[in-house]
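The residues of the chain are indexed from 1 along the displayed sequence.
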Amino acid sequence: RHIWLISLLRRYPQGITLRDINRELKNSHLCDTNKFNRVTLLRYRNTIYKVFGVNIASKRHAQHSYYYIFNQEVFSRNDMNSWLCSNLITSNLLAGSTSIQDRILPEAIPSNGIMLQEILSAMRDNSIITFIYHKYSGETTTRQAEPYCVKLWNQRWYLLCHNAYTTNTPDNSRPMREYAVFSLDRIQQVDATNQHFKMLDSFSPELYFHDCYGILTGDNAKPERIVLQAFGSEANYLRDLPLHHSQRIVDNPAQTDDNVTTFEYLMCPTTDFIDALLSHADRIKVVEPQHLAATIKTKVQSILKLYQ
């Protein structure tokens with residue numbers, strides 16, 4: 001009912017009365033006849049704020065109290081509470097739609113549930129972990145590392161480790177990487193050791209990925225000013241789903257074509273960002289920097305050779 005209430009209030013940004021909340025509840029997939037009253041609603045408000053950070057407020061109008069979500073911006077934040085709340089709302093909606101389940105087509109994604117559980121447990125305890133990692137090249141290695149954070153990207157979970165090294169090299173050497181990212185769907189086994197670590201006070205997972213497109217940071221890559229031109233309706237897609245949080249539209253007085261929109265970014269032009277640009281085909285053009293435009297051009301020429 002907590003998730004259902006959040007979902008309902010999002011549909012009524014101007015507010016909804018207690019009477020209408022109970023009417024919606026009766027007609028919902030919950031089929032719940034236990035009505036809300038002011039006391040139970042207050043209890044739900046407190047729990048929802050504590051768990052999800054969603055602030056349900058009320059206002060008086062025409063002798064009625066209207067309940068609404070005061071901080072709607074919480075749903076657009078890029079943090080765990082926002083993600084969790086949005087996913088639970090979606091799950092709640094789908095759970096009430098079993099009668100049309102053959103008409104709802106979810107995307108199959110790797111769950112990685114067991115590995116994720118082991119990693120999160122080690123993160124809570126600040127325990128150093130060992131794990132077996134299988135590369136797409138066919139190489140399998142045993143690693144030891146400090147699990148710093150996990151990140152969901154393109155419907156895959158990734159693990160960012162500190163002081164990661166390989167323990168099964170032929171010469172028994174231990175080449176250490178300060179930070180390394182591993183895909184959970186290529187981790188075959190995770191074990192927490194009895195050794196513990198302390199996260200660096202200066203480290204922030206959010207800042208670590210701040211200038212990146214996805215999960216690749218590049219070797220000591222620095223953020224650059226990147227200018228793109230989007231043609232036709234592609235600009236609308238970029239407005240609705242920005243490529244990066246630094247995206248902004250640039251006014252270009254010299255640009256006379258209304259069919260072209262210029263976007264600017266401050267980020268690292270990593271490999272996964274280049275792949276994303278290529279996925280937009282001829283609907284996007286790199287204007288700056290020139291080395292990025294040259295890279296895109298070289299890759300396009302390589303693609304053309306495959307069809308010659």
Side-chain angles (χ1 to χ4, degrees), residues 53 73-87 109-112 115-124 126 128-129 131 133 135-136 143 145-165 176-187 190 197-228 237-248 263-280 284 286 289 291-292 295:
E73 69 278 2
V74 72
F75 299 105
S76 59
R77 290 205 311 246
N78 186 26
D79 58 20
M80 190 189 74
N81 277 351
S82 175
W83 177 84
L84 181 62
C85 186
S86 296
N87 277 272
I109 60 173
S111 64
N112 307 116
M115 298 301 173
L116 184 59
Q117 180 180 354
E118 295 291 337
I119 290 170
L120 293 179
S121 177
M123 287 170 57
R124 283 191 294 267
N126 282 341
I128 294 175
I129 61 173
F131 57 94
Y133 194 68
K135 292 185 176 181
Y136 284 143
R143 312 289 183 110
E146 302 168 359
Y148 262 33
C149 77
V150 291
K151 179 175 181 177
L152 182 64
W153 175 251
N154 278 351
Q155 301 196 336
R156 280 186 171 183
W157 283 102
Y158 293 87
L159 168 66
L160 173 64
C161 290
H162 180 250
N163 288 344
Y165 60 83
M176 184 175 292
R177 297 177 60 186
E178 184 177 12
Y179 294 105
V181 176
F182 302 93
S183 173
L184 261 64
D185 57 3
R186 280 174 267 162
I187 294 178
V190 178
F197 68 93
K198 184 179 185 300
M199 282 189 64
L200 298 174
D201 294 335
S202 60
F203 180 81
S204 164
E206 183 177 357
L207 290 179
Y208 181 82
F209 291 105
H210 184 268
D211 299 321
C212 306
Y213 172 71
I215 51 94
L216 299 181
T217 59
D219 295 329
N220 299 318
K222 301 296 183 182
E224 302 180 49
R225 178 177 179 265
I226 298 173
V227 179
L228 306 178
Y237 289 102
L238 292 184
R239 289 189 186 98
D240 291 342
L241 194 62
L243 290 175
H244 190 252
H245 61 79
S246 65
Q247 175 177 295
R248 70 183 188 92
F263 293 89
E264 183 183 81
Y265 306 84
L266 183 62
M267 59 186 296
C268 299
T270 52
T271 302
D272 51 357
F273 178 62
I274 292 172
D275 291 342
L277 294 179
L278 288 169
S279 71
H280 289 267
I284 279 183
V286 176
H291 72 84
L292 178 58
T295 299

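With Tyr213 as the fixed residue, the side-chain contact (heavy atoms from CB on, under 4.5 Å) test singles out one of Thr270, Thr271, Leu277: Thr270.
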Checklist line | Stepwise side-chain contact (heavy atoms from CB on, under 4.5 Å) test for Glu264 and Gln247 | finding: CA-CA 6 Å; Glu264 183 183 81; Gln247 175 177 295; over 6 Å; no
Margin query: Ile128 vs Asn163, test: side-chain contact (heavy atoms from CB on, under 4.5 Å). Steps then yes/no.
Written below: CA-CA 10 Å; Ile128 294 175; Asn163 288 344; over 6 Å; no
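Residues Asn154 and Asp272 fail the side-chain proximity criterion, which asks for heavy atoms closer than 4.5 Å. A heavy-atom distance below 4.5 Å is found between the side chains of Ile226 and Leu292. Using a 4.5 Å heavy-atom threshold, the side chains of Glu224 and Leu266 count as separate. Two residues are said to be in side-chain contact when any heavy atoms from C-beta on lie closer than 4.5 Å; His280 and Leu228 fail this criterion. Using a 4.5 Å cut-off on side-chain heavy atoms (C-beta onward), Phe263 and Pro242 make no contact. Counting only heavy atoms from C-beta outward, the side chains of Cys161 and Glu146 never approach each other to under 4.5 Å.
In this structure, the separation between CZ on Phe273 and CG on Leu278 is 10.5 Å, given to the nearest 0.5 Å. The CZ atom of Phe197 sits 4.5 Å away from atom CG of Asn126, with the distance rounded to the nearest 0.5 Å. Remark: Leu243 CG to Ile284 CD1 distance equals 5.5 Å, nearest 0.5 Å. Atom CE of Met123 sits about 9.0 Å away from atom CG of Leu160, to the nearest 0.5 Å. Here the straight-line distance linking atom CZ of Arg143 with atom CD1 of Ile129 works out to 11.5 Å at 0.5 Å rounding. Rounded to the nearest 0.5 Å, atoms CG (Leu159) and CE (Met115) are 11.5 Å apart.
When all heavy atoms of Ala221 and Cys268 are compared, the pair lying nearest together is O-SG, 3.8 Å. Residue Tyr133 comes nearest to Ser183 through the heavy atom pair OH-N, 3.1 Å, listed as atom of the first residue, atom of the second, then distance. Between Tyr158 and Arg156, the shortest heavy-atom contact is CD1-O, 3.5 Å. When all heavy atoms of Lys151 and Ile215 are compared, the closest pair comes out as CD-CG2, 3.9 Å. Pairing each heavy atom of Gly53 with each of Val74, the nearest pair is O-CG2, 4.0 Å. Heavy-atom minimum distance, Tyr148 versus Leu200: OH-N, 3.1 Å.
Taking the centre of each ring, Phe131 and Phe182 come in below the 6.0 Å mark. Two rings, from Tyr179 and His162, have their centers less than 6.0 Å apart.
Residues passing the side chain to side chain contact (heavy atoms under 4.5 Å, CB included) test with Leu241, sequence neighbours excluded: none. Contacts of Thr295 classified as side chain to side chain donor-acceptor pair (under 3.5 Å), with partners at least two apart in sequence or in another chain: none.
Taking the centre and axis of the six-membered ring of Tyr136, the NZ or CZ atom of Arg186 falls inside the cone set by 45° and 6.0 Å.
The aromatic rings of His210 and His244 sit perpendicular to each other, their planes meeting at more than 60°, with 30° as the lower class boundary.
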